[in-house]
Amino acid sequence: QVHVLESGGGSVQAGGSLRLSCVVSGATGTDPCMAWFRQASGKKREGVAALVTLDGRTNYADSVKGRFTISQDNAKSTFYLQMNSLTPEDSAMYYCGTTGGRCGGFPSLVRATYGYWGQGTQVNVSS
């Protein structure tokens, strides 16, 4: 069984920064893909950033390009989302997802790609 745990959310003023963390443990396979999604109240869950752990390739939603950075630690068990220049539109529950095992090699922002999810961490950005 794969366990996913997010942390690092909170409240920040517009223009501020937050770093989210995601710890993956359990029966994980090798070289999974990881992604951060978010879901604002009344909206669908949307992909924000994705990472191929094998080679470090990344993919970002247009709305966060240049502001958010997805990364991993050397052990490839903890993943981060550095969020800078936050705006109120970034307010949402942020979820970490993993394929659990080797992925297709492309850092997908499609929700169905990821089979394991955490409970989410809330981010609130005030103007």
Side-chain angles (χ1 to χ4, degrees):
Q1 190 171 0
V2 177
H3 300 280
V4 181
L5 181 64
E6 306 97 335
S7 63
S11 296
V12 64
Q13 288 191 325
S17 298
L18 282 173
R19 189 176 82 155
L20 306 182
S21 298
C22 172
V23 177
V24 180
S25 61
T28 58
T30 58
D31 303 321
C33 282
M34 301 294 303
W36 287 95
F37 281 64
R38 66 187 181 187
Q39 187 166 14
S41 180
K43 296 188 177 181
K44 296 193 305 181
R45 190 175 297 191
E46 63 173 353
V48 173
L51 170 74
V52 178
T53 61
L54 177 63
D55 58 17
R57 280 185 293 159
T58 58
N59 188 22
Y60 295 93
D62 288 343
S63 60
V64 306
K65 279 180 183 175
R67 301 188 299 122
F68 289 13
T69 303
I70 187 172
S71 62
Q72 59 183 331
D73 69 353
N74 289 335
K76 298 182 181 181
S77 61
T78 302
F79 303 89
Y80 306 97
L81 184 68
Q82 177 66 43
M83 306 187 295
N84 298 328
S85 301
L86 286 162
T87 73
E89 289 69 35
D90 296 314
S91 296
M93 184 72 80
Y94 282 71
Y95 297 92
C96 178
T98 176
T99 55
R102 183 163 288 181
C103 63
F106 178 76
S108 171
L109 293 177
V110 174
R111 181 178 179 177
T113 302
Y114 304 91
Y116 303 95
W117 296 91
Q119 295 299 306
T121 185
Q122 182 69 40
V123 172
N124 294 313
V125 184
S126 58
S127 58

Between [atom1] on residue [X] and [atom2] on residue [Y], distance to nearest 0.5 Å:
| X | Y | atom1 | atom2 | value |
| --- | --- | --- | --- | --- |
| Cys96 | Arg38 | SG | CZ | 15.5 Å |
| Leu20 | Gln82 | CG | CD | 9.0 Å |
| Lys44 | Gln39 | NZ | CD | 10.5 Å |
| Thr69 | Leu51 | OG1 | CG | 11.5 Å |
| Thr121 | Met93 | OG1 | CE | 7.5 Å |
| Leu86 | Ser11 | CG | OG | 11.5 Å |

Could you tell me whether the side chains of Ser17 and Asn84 share a donor-acceptor contact shorter than 3.5 Å?
-> yes

Contact summary for [X] and [Y], nearest pair of heavy atoms:
| X | Y | result |
| --- | --- | --- |
| Ala14 | Ser127 | CB-CA, 4.2 Å |
| Gln72 | Val52 | NE2-O, 4.5 Å |
| Ser126 | Pro88 | C-CG, 4.3 Å |
| Gln122 | Ala92 | NE2-O, 3.3 Å |
| Val4 | Cys22 | CG1-SG, 3.6 Å |
| Asp90 | Val123 | O-CG1, 4.3 Å |

Can you confirm whether [X] sits close enough to [Y] that some side-chain heavy atom of one is under 4.5 Å from a side-chain heavy atom of the other?
| X | Y | answer |
| --- | --- | --- |
| Val64 | Met83 | no |
| Pro107 | Tyr60 | no |
| Phe106 | Asn59 | yes |

Reference residue Phe79; test side chain to side chain contact (heavy atoms under 4.5 Å, CB included); the match among Ile70, Thr53, Asp73, Val23 =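 The single option meeting the side chain to side chain contact (heavy atoms under 4.5 Å, CB included) with Phe79 is Thr53.
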
Establish whether Met34 and Trp36 are linked, either directly or via other cluster members, by ILVMFWY side-chain heavy-atom contacts under 4.5 Å.
-> yes

Any donor-acceptor pair under 3.5 Å linking the side chain of [X] with the backbone of [Y]?
| X | Y | value |
| --- | --- | --- |
| Thr98 | Tyr116 | no |
| Gln119 | Glu6 | no |
| Tyr114 | Ser108 | yes |
| Thr99 | Cys33 | yes |

More than 12 non-hydrogen atoms from neighbouring residues, nucleotides or ligands closer than 6.0 Å to OH on Tyr80, yes or no?
-> yes

Can we call the ring centroids of Trp117 and Phe37 under 6.0 Å apart?
-> yes

